[in-house]
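Side-chain atoms are counted along with the backbone in the values below, which use heavy atoms only and exclude waters and symmetry mates.
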Amino acid sequence: MSYEGNIGLVATGISNQDGATQMYLWRMRDYTYEIETRGASSSNYIGTERFNETPFKVALKKFEKKVGEVKLW
């Protein structure tokens, strides 16, 4: 399945830094992705990291480096 054309949630995972922080990879538009970070409670927003002019595979690799197990949506 290709995620390149879909806008929205691409993948989720738990931070490999602390084993508790929830992380989400979002496709915002063509070649723009964002990693959203939330605390143990999903309402506990921590921050985002945006990748502009970035191919899907590059954004996914960056996400994979930050989380343990990646769950694709």
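- A single hydrophobic cluster is not seen to contain both F63 and V58; linkage of ILVMFWY side chains at heavy-atom distances under 4.5 Å, directly or through other members, places them apart.
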| task | Please report the C-alpha distance between L25 and V70 in whole Å, then the side-chain angles of each, then the deciding distance to 0.1 Å, and finally whether the side chain to side chain contact (heavy atoms under 4.5 Å, CB included) criterion is met. | result | CA-CA 10 Å; L25 177 63; V70 175; over 6 Å; no
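- Interatomic distance, CE of M23 versus CD1 of I35, reported as 5.5 Å (0.5 Å rounding).
- R38 has its side chain out of reach of N44: every pair of non-hydrogen atoms, C-beta onward, lies at least 4.5 Å apart.
- Comment: K62 does not engage E64 in a salt bridge, judged by the lack of any side-chain N to carboxylate O separation of less than 4.0 angstrom.
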Please set out all donor-acceptor pairs under 3.5 angstrom arising from side-chain atoms of residues 46-56, sequence neighbours excluded.
from, atom 1, to, atom 2, distance (Å)
E49, OE1, K66, NZ, 3.0
R50, NE, E34, OE1, 3.1
R50, NH2, E34, OE1, 2.8
T54, OG1, N52, O, 2.9

Show me the donor-acceptor pairs within less than 3.5 Å that the side chains of residues 7-20 make with the rest of the protein, sequence neighbours left out.
from, atom 1, to, atom 2, distance (Å)
T12, OG1, W73, NE1, 3.3
S15, OG, Q17, N, 3.0
N16, ND2, K65, O, 2.9
D18, OD1, A20, N, 2.8
D18, OD1, T21, N, 2.9
D18, OD1, T21, OG1, 3.2
D18, OD2, T21, OG1, 2.5

